Each structure stands twice: as structure tokens, then as C-alpha cells.
Amino acid sequence: MAMRAAEWHRLPVSLTELCINTTLRCGQSFRWRKSTDDEWSCTLHGRILSFRQDTTHLHYRAIFPPQATLPTPPPSVAPSPAHSTSLDADDTLALIKHYFNLTPNLADLYKQWSASDPNFQKLAPNFAGVRILRQDAWEALIGFICSSNNNISRISGMVHNLCLHYGAFIGHLGSEPYHDFPTPQALAKDGVEAHLSKLGFGYRAKYIAKTAKMVEEKGIVWLEGLCNPESPGFGVDAKVGAAGDMLEDGREGYKRAHEELLALHGVGPKVADCVCLMGLGWSESVPVDTHVWKIAQRDYKFGKGKHKSLTAATYTAVANHFRKLWGKEAGWAHSVLFTADLKTFAGQLAAKIEVKSEEITVKIEEGKVVTVKKEEKEEITLKTEARIAEVVEEKKTTAKKATKKSVKRKANDAQVVVVKEEVVTRRSKRART
DNA sequence: ACTATGCCTTCTTA
DNA sequence: ATAAGAAGGCATA
């Protein structure tokens, strides 16, 4: 029962191309756990993968289960009994490159999106390295069914519970047990719905049980067959083909995948788009959730006239707008803006500062600069300490000028004082058992 | 075809 | 303190 040695390897990757600290917790996957000292871990394809990242490299290691608990592969593709370490290392590297979707040049894409969209250009510099993962389609499907009307920390807890109760045990990392994501068969068994309800899944218990049965019925091949042929799943035996021409509402294959997914229980347009983008390799997919809808209203002039509320027609209009603006990888760009809007990231770097004068109050909380000038109020959302410092200086200057003008005193008399300065760090709570 | 409403549960905000 | 609202929506009428 000896555990295979878990040696660290490294891969040259810049933070511009991939930032795991952002990418692994921006709501794409709900399964990554951060242990002590910045090590991110998750089970993937029957092994525990762990990552650390510095400015030049991605460091990784894989821990395999003891041979006895390895899932038995079909005899035709069974590896040689030797099952050498070097073979595993090769496999793991390929898996990592696949999972992190490392082929597209993200810096080039950011430049492209910045050139075509001033709003992206403004927000993106603080959120480099947000890359769309190539997750397993089935896992993405279940994960995003859990996401409806829900928040990231609770979703993570639910997915963790799915693995714990229905996924194969892989091994321990420290004292923490790691289980694989459950198969459709495991979630299609009788009693799953009742059990999940007891575990606090709410109305999603029924969706998961039903969808698992439907996928089992249709066959996992059906689901994997919805994949972008240019980007098949890892280890999936599929022909690589052309994905077709880009249209304003996406390629034919994307539209077909989206439509077919809608047949599943608990899968509406938004969840289907998440699965298309993150589980099936359709980069033009733009999931329009409440966040994206707010962004569309705030920064892209939606929410008026024909598109007053988020109806089915509005949903398509918003997604098409972003596809036209950002192109074939619209879903990737969308993810950057989505991440920029997440509270967990806003709070992380936000300083809490109050600047007061007789006329003007500047408050900075949770990444927002609020200037209160008598009855007027102005809000600016900021993400980095550097930008916050800049804006505070700017506001102090404004405050001095305003005070001088209205009260007719010397600029120095303006009482611009930093009352409170404190870094607020918000941490999402961990999963419960 | 569109539009409202209930739904499980937890956490935040007023 | 206690209530209402929001949280990566969906299914149903």
C-alpha cells in the first residue's frame, strides 16, 4: 500500500498567462482547496493534483492512490503492469496542460479585447491571468446545477459533499481525505435525492438525481459528444475536427450543445452556457447571470427600452453583444469582467479609508470610493491598492479645491484627513461537512 | 411567446 | 434583534 512518491515538478508559466489564485476561485470550479502555504489541491483523473505558483513557474505534484484502489481500466487499454513513474509524470503534465488550457496566448487575447472595448481595457489590468479551465463536462454540469440561486461558498460545500459521499476515495493530503468527483452512475442510484436533501441541497437535490439518471440513460458519450471537436476532453477518444464558422450567436456546434443541454433537469440557459464554456470547450459561450446582467446594465447600456429586464430575448441580446465586441473567445473575456466584479476579489485589496473635509467626505470601503459632497454622491469601484491610493490623492485635491472655492479659505485649511486606514480582507467560509 | 411566482438554504444588510 | 433580501436560476402555471 505504499503511496507513490509525490515529487514536485515545475512548468514555466507567467502570471499573465495563468494566475491560479484567481482562476481557481473565480467560480469556474468549486472543488479546489487551498491548504496551508498556498498549495492548491484537487482530485483530477484519479489522482490528487497540487499546485503552487511563483512569478515564473507553476509547481505541481501528483499523488496517486494505492494500486489496489485504482479503478480497473478496460483490458484493451490497460497499461503495462510496470506502470512506470515516468509514464505517470508524462500523463500528469499532459493533464495539467489540458486542464489549464494553456495553448491560447492570454496576453494577446487581453490586448485584443482591450483594443475593442474601453471598459475591458480599464478593468483588465488588475485581473491578469484569468483563464478558462477545461473541466470535465459531467463535473461542470453538476457543479453548475448546484450554482442556481446560490453563492460560491455554499456551492463549494455542496460539491465537496457530493465527492465525499459518492466519489471514489483517492487518498489523503495531510489529514484531509480527497475523493474523486462522482460518476453519473453513482448519482443515479436510488435514494440519492433524499440523501442530498438531507445534506442541504434544497430543490437542487431533485435536479441532480434526475439529471444523473438522464445522463446515464443517454450515455456519457452523448455529453462528451457535445464537446467542441477542436477541444475534446482529456482522455476522451474522439476525432479532432473543425468547429465550424463563427456566427453572431455562436458556432453551430455550440448552439446544438446549448440546446441539447436544456433538456436536462435543472439546466436553463445560464447553466447550459457555463457547461458549454467550461466543460465543452465552446469559447464563444457567454453565461449571463445576475452579475453579468448588472455589468451589462452598468457598463454596456442595457436595461433600457427593449431590454429592460433579463428575459430570454434579453439574455441572447446581451450574449450576442459581447460576442460581437470580443469575438470568438467572448466567454474568456466575460470571465475576466465577471471576476473583476466578484466581491471576494474586490474586498481582498480594498483599503478602508475615510477622508474628511468640511465639504467633502471620501470613504473607501470594499473597493469602492464614495465621495459625498453635500447631497451629491459618487462611487468608483477600485481593485488595487495602487489605484486606491491614486484616487484618494485625487479626491483630497478635489476636496481642497472645493473647500477653498465654497468657503473661500486657503487650500491648506481644508481638513482632509485620513481618519481610518485598514486593509479589509474578506474570506469566504469553508465548506461544512 | 412572454411574465410572474415558488423554491431550499445561508449569509448579508437594513 | 429580527426581518427582508441576495446569492452564477430554473420549472411551472
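Because the structure is predicted, anything quoted here is derived from the model rather than measured.
By the 30° and 60° cut-offs, the orientation of the rings of A:F302 relative to A:H307 is tilted. The aromatic rings of A:H291 and A:F338 stand perpendicular to each other, their planes meeting at an angle above 60°, with 30° marking the opposite boundary. Between A:Y207 and A:Y203, the angle of the ring planes goes over 60°, which puts this pair in the perpendicular group of the 30/60° scheme.
Here, C:dC10 and B:dC11 have their P atoms 23 Å apart, quoted to the whole Å. A distance of about 15 Å separates the P atoms of B:dT5 and C:dA6, rounded to the whole Å. Nucleotides B:dG6 and C:dG5 place their C1' atoms 16 Å apart, quoted to the nearest Å. Taking atom P in both C:dA13 and B:dC8, one finds a spacing of 15 Å when rounded to whole Å. Across C:dT12 and B:dA1, the matching C1' atoms stand 15 Å from one another, rounded to whole Å.
Taken residue by residue, residues 314-325 of chain A places no heavy atom nearer than 4.0 Å to DNA chain C.
Nucleic acid contact class of A:V292 (heavy atoms, under 4.0 Å, all strands): none. A:L264 comes within 4.0 angstrom of the backbone, heavy atoms only, and of no base. At a threshold of 4.0 angstrom between heavy atoms, the contacts of A:K294 are confined to the sugar-phosphate backbone, with no base atom among them. Heavy atoms of A:C146 sit nowhere under 4.0 angstrom from any nucleic acid atom.
Pairing for C:dG8 is absent, judged as Watson-Crick or G-U wobble with the two contacts each under 3.5 Å.
At the phosphate of B:dT13, OP1 or OP2 sits under 4.0 Å from a side-chain N or O atom of A:K343. For A:K308 and B:dT3, the shortest distance from a side-chain N or O to OP1 or OP2 is not below 4.0 Å. OP1 or OP2 of C:dA7 has at least one side-chain nitrogen or oxygen of A:T290 nearer than 4.0 Å.
Of all heavy-atom pairs between A:N101 and A:R131, the closest is O-NH1, 2.5 Å.
Between A:L123 and A:V336, every side-chain heavy-atom pair lies at or beyond the 4.5 Å cut-off. A:S156 places none of its side-chain heavy atoms less than 4.5 Å from the side chain of A:R31.
The 12-atom threshold is exceeded at CG of A:D108, counting heavy atoms of other residues, nucleotides or ligands nearer than 6.0 Å.
Between the CH2 atom of A:W293 and the P atom of C:dG9 there is a distance of 14 Å, given to the nearest Å.
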